[in-house]
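Below: one structure, written as structure tokens.
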Amino acid sequence: MVIDVSGHGAKAAIVMAMMRAVIHSSPCGMADPACVLQHLNRHFEFLWDTNMFATAIMGVLDVRSRSFRVASAGHMPPLLIRGTNVTEMPMANAPLLLWNEIADPPIAEFTLEAGDRVVFYTDGITDRCGPHDSRFDLTRVMSSFARNSGLDLQAMLTELDRELDAFACTTEPDDDQTVLAVEIR
């Protein structure tokens, strides 16, 4: 699961820490990503009338069958790396967390193959500023993964981090940068 709370500083960090704890109290356990998103959203109903929001994406992988079920609330779709081909996994989005009720978040189901890599990320990656207010956009992220797909998973992610830093020159990130990746063996 990846969650990105709006804003910066103590308020966003506190809400994120509370969300982390609430996830584990879901009445449906961790097997149903849509139910977890609904539970998380309802728990924070007291924030619905504020200007705070969050995006979230949760995937459940059955390692035996290689079935992967994903639900998202306003978050970018995960990337599928299969060989040197990098694509966004097609899926529908539920509304953002912390705005209103989320009724029946859509669940996307995929069958993964040996060697596939699935990558979740936050917009701090694709919004990283570079020269002349340019961004390290999704095309650059996907190109990095395609170019480095022959490396082991950790090395591929390290190369992305190196490219982000080189792109930004001396500019520090103004948002958190999260990448979560899994490889099917």
Side-chain angles (χ1 to χ4, degrees), residues 1-8 12-13 15-17 19-20 23 30 33-34 36-37 40-41 52-61 68-98 105-110 112-113 115-130 133-169 171-185:
M1 178 163 220
V2 172
I3 301 172
D4 193 4
V5 177
S6 64
H8 303 281
V15 170
M16 185 63 237
M19 285 184 165
R20 185 179 183 282
I23 290 166
M30 298 302 284
V36 172
L37 290 178
L40 187 61
N41 191 56
M52 182 167 272
F53 65 90
T55 67
I57 188 165
M58 180 175 178
V60 176
L61 174 63
F68 185 56
R69 300 173 65 235
V70 185
S72 177
H75 203 83
M76 294 78 60
L79 300 176
L80 173 64
I81 304 168
R82 184 170 280 162
T84 59
N85 191 24
V86 181
T87 58
E88 287 184 286
M89 298 178 89
M91 57 183 305
N93 247 325
L96 298 167
L97 294 179
L98 311 181
I107 295 179
E109 297 190 34
F110 305 94
L112 300 175
E113 300 174 6
D116 283 353
R117 294 172 175 175
V118 177
V119 180
F120 295 91
Y121 60 96
T122 60
D123 64 355
I125 300 293
T126 54
D127 288 346
R128 181 75 185 262
C129 287
D133 206 29
S134 58
R135 304 276 184 210
F136 197 90
D137 58 20
L138 182 58
T139 301
R140 284 185 169 100
V141 172
M142 293 171 76
S143 293
S144 174
F145 287 148
R147 237 185 349 273
N148 297 300
S149 62
L151 301 175
D152 67 57
L153 186 61
Q154 183 60 51
M156 184 185 76
L157 297 175
T158 298
E159 187 58 24
L160 174 67
D161 189 47
R162 188 198 64 73
E163 289 180 31
L164 278 164
D165 286 344
F167 173 80
C169 302
T171 306
E172 288 295 315
D174 60 356
D175 197 2
D176 59 352
Q177 296 179 161
T178 301
V179 177
L180 171 66
V182 64
E183 181 174 20
I184 306 302
R185 298 199 181 251

To check you understand the geometry: which heavy-atom pair defines the closest contact between [X] and [Y], and what is its length?
X: P77; Y: M91; value: CB-CG, 3.9 Å
X: V60; Y: P33; value: CG2-CD, 3.8 Å
X: A92; Y: P106; value: CB-CG, 3.7 Å
X: D123; Y: M76; value: N-CE, 3.3 Å
X: P90; Y: F110; value: O-CZ, 3.3 Å
X: P105; Y: A94; value: CB-CB, 3.9 Å

- Message: For a quick check under 3.5 Å, do S72 and N93 share a side-chain donor-acceptor pair by atom type?
- Response: yes
So how far is it from [X] [atom1] to [Y] [atom2], rounded to the nearest 0.5 Å?
X: T87; Y: M142; atom1: OG1; atom2: CE; value: 6.0 Å
X: L98; Y: S6; atom1: CG; atom2: OG; value: 7.5 Å
X: Y121; Y: T178; atom1: OH; atom2: OG1; value: 12.5 Å
X: N148; Y: L153; atom1: CG; atom2: CG; value: 11.5 Å
X: M19; Y: M1; atom1: CE; atom2: CE; value: 8.5 Å
X: L97; Y: I3; atom1: CG; atom2: CD1; value: 7.0 Å

- Note on the structure: Taken in chain and number order and not counting sequence neighbours, the residues that satisfy side chain to side chain contact (heavy atoms under 4.5 Å, CB included) with I184 are L61, R66, L112, D116
- Output all residues satisfying side chain to side chain contact (heavy atoms under 4.5 Å, CB included) with T84, sequence neighbours left out; order by chain, then residue number. S149
- Message: What verdict does the side chain to side chain contact (heavy atoms under 4.5 Å, CB included) test give for H75 and F120, after you've listed the backbone C-alpha separation in whole Å, the side-chain angles of each residue and the deciding distance to 0.1 Å?
- Response: CA-CA 9 Å; H75 203 83; F120 295 91; 5.6 Å; no
Is there side-chain contact between [X] and [Y], with at least one heavy-atom pair below 4.5 Å?
X: L79; Y: L138; answer: yes
X: T122; Y: V2; answer: yes
X: R117; Y: F145; answer: no
X: M52; Y: V5; answer: yes

- Item | Partners passing side chain to side chain donor-acceptor pair (under 3.5 Å) against R162 (at least two apart in sequence or in another chain) | E159
- Among V118, V119, N85, which residue meets the side chain to side chain contact (heavy atoms under 4.5 Å, CB included) test with L80? V118
- Take M156 and L160 through the test side chain to side chain contact (heavy atoms under 4.5 Å, CB included) and record every step on the way to the result. CA-CA 6 Å; M156 184 185 76; L160 174 67; over 6 Å; no
- Give a yes or no answer on whether the side chain of S144 reaches the backbone of R140 with a donor-acceptor pair at less than 3.5 Å. no
